[in-house]
Amino acid sequence: MKYTTTASLAATLLAMQASASAMPPPIKRAALSASPVPQPPENPTNRVADDPAAQQLGQALFFDPNLSSTRDVSCATCHDPARAFGDGKAVAEGLQTGTVNTPTILGTAHHRWLFLDGRADTLWSQALGPIENDLEMGGARTDVVRYVASTPHLARAFTEVFGSLPDVSDEARFPEGARPGTPQWDAMTEQDRAAVTRSFVNLGKSIEAYERLLQPGESDFDRWVASIRNEARDDSILGEAAVRGFTLFAGDAGCMRCHFGPMLSDLEFHDLGIPPRDPAAPPMQGRGGGYSKLRASEFRADGPWSDAAESSKARRAAAARIGPEHWGAIRTPTLRNVAHTAPYMHAGQFATLSEVLQFYNTLDGQVRRHSHAEAVLVPLNLSDAQLADLETFVRTLSGDPPADALRHPPEGFGISEP
Amino acid sequence: MQSTHAVPPLLAATLLISGCVSTGPGTTHRSTMTEDGRYRINWHITPDAPLTPNEYFEMIVTIENRQGDAPPQEFRFDATMPAHRHGMNTLVTATRTGETSWRLQDVNLHMPGEWVMTFDVTDERGVMHRASETVTLE
């Protein structure tokens, strides 16, 4: 032990207390591995991923309801800055009621696969999905590009980043509602379709540039880990209950088999057998179905619209192995800010964190759809006091929100608050 | 019942190796024999680094034939987690870089816990020889 002789009595007592509850080295290593949150990994498939002008444009688009067919749903409708960029609903409600829960997008740039089933491998391609999804914004890429081209602030910002916008004003050549799968789209020339899609993709790349700034803020957990890293562990930052909770989380409760790394997610997929919200609905295909959708998408990291189709990022996304265990598997969610993102699980099946922990404790109601389902979970049989400690710990993962300027439409674009 | 939470699920740069001899500098230069003793598989991670869960890495494998001169016909690598009944989430790209050497790209052992790596060497007559090695990632 290394106390200095000048240490005050109080400090000595505190240090003795800490050493009395000396942290087992594996728990300490687990803590250090989960904090701090680094900068998001580079994304070479988007050459404007870190371009400030693209970030501004992306932020404007994120808050702009005019990208939807009804002109009243924006990304921020469901990814509400006041709710940790989630919506507080069991399943999303856009133009229609969806089937899955809206995830927080704080830290989303750290994910390897986007969407709960991993059907996108970059943030820019992810952003294009909701715009043309009839449950969400119901838009069409041709209309969206026309809207941007005819809106001076957006058109100026777009040309500043990407050079030029196609002239899509001729509605005979670029019909309203034209997007893949519609007769209007089929009627367009291949060249016109490519021009529209190129600009549409660039809108996605701008939105990604903005989303990359939405980092999870520093939490009490991070401040506690920093004290450990500085050899001055201060349990008062977390509180004794949360420290016990973390010891369970990283130890006997086995949570860190999946919730590990700075996002408290392995970024991969598991089927926990959470009972479906609507037993009559077709079961979630999860990763198995998501990967086939990804491979069929023209917006893949190794596809024609990528800025680095040969990069290791693209190669790895193309080289995923899909096994029978991936059917129904859902990507492990981040636990950062989880206290603010109720209800929980892929369809909001659990209203509170305590219900989630009860599930892990008993596995009551677990639905095992096939013999390959996740073999890791066993009932934990923890006491109520231990469950309370676990929950107290999980609640310390809430961080400061992103800077105020990132939580509102940017100035100068004429977009009103959601 | 098999209690899977007996394995401390921890994340650090520790690699515990059962039944093998280190053959070089660095933490991850290893070698293992095929079950029949015919081939010795030498492998290491490049750039040299400890094995960490969920990080992509590259492996260089060289195969020594201890019972003759013929180079192997084929080589395959795989890794699985027997306790979890699943394998890797990635397809490893294996490139033959010489008569007896391979480069494996995009290997990723995505969870902490016990992984069994298998090295399958097909000899000049088409017979397969297997070496395996258990690594525990924290």
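Proteins get letters first, then strands, A, B, ... in listed order; numbering begins at 1 in each.
- Going from atom CZ of A/Arg321 over to atom CG of B/Asn89 covers 6.5 Å, rounded to the nearest 0.5 Å.
- In this structure, A/Asn230 places its CG atom where more than 12 heavy-atom neighbours from other residues, nucleotides or ligands lie under 6.0 Å away.
- The environment of B/Gln73 atom CD is dense: over 12 non-hydrogen atoms of other residues, nucleotides or ligands sit within 6.0 angstrom.
- Counting only N and O atoms by type, the side chains of A/Arg112 and B/Asn54 include a donor and acceptor under 3.5 Å apart.
- The minimum heavy-atom distance linking A/Asp266 with B/Met111 is given by the pair OD2-CG, 4.4 Å.
- A distance of 6.0 Å separates CZ of A/Arg315 from OG1 of B/Thr93, quoted to the nearest 0.5 Å.
- The 12-atom threshold is not exceeded at NZ of A/Lys28, counting heavy atoms of other residues, nucleotides or ligands nearer than 6.0 Å.
- Environment of CD in B/Glu64: crowded, with over 12 heavy atoms of neighbouring residues, nucleotides or ligands closer than 6.0 Å.
- Counted within 6.0 Å of CD on A/Glu310, heavy atoms from surrounding residues, nucleotides or ligands total 12 or fewer; the atom is thus considered open.
- Once rounded to the nearest 0.5 Å, the distance linking NE2 of B/His84 with CZ of A/Arg257 reads 5.5 Å.
- Heavy-atom minimum distance, B/Pro112 versus A/Met256: CG-O, 3.7 Å.
- Side-chain atoms of A/Arg316 and B/Asn108, non-hydrogen and from C-beta on, never get closer than 4.5 Å to each other.
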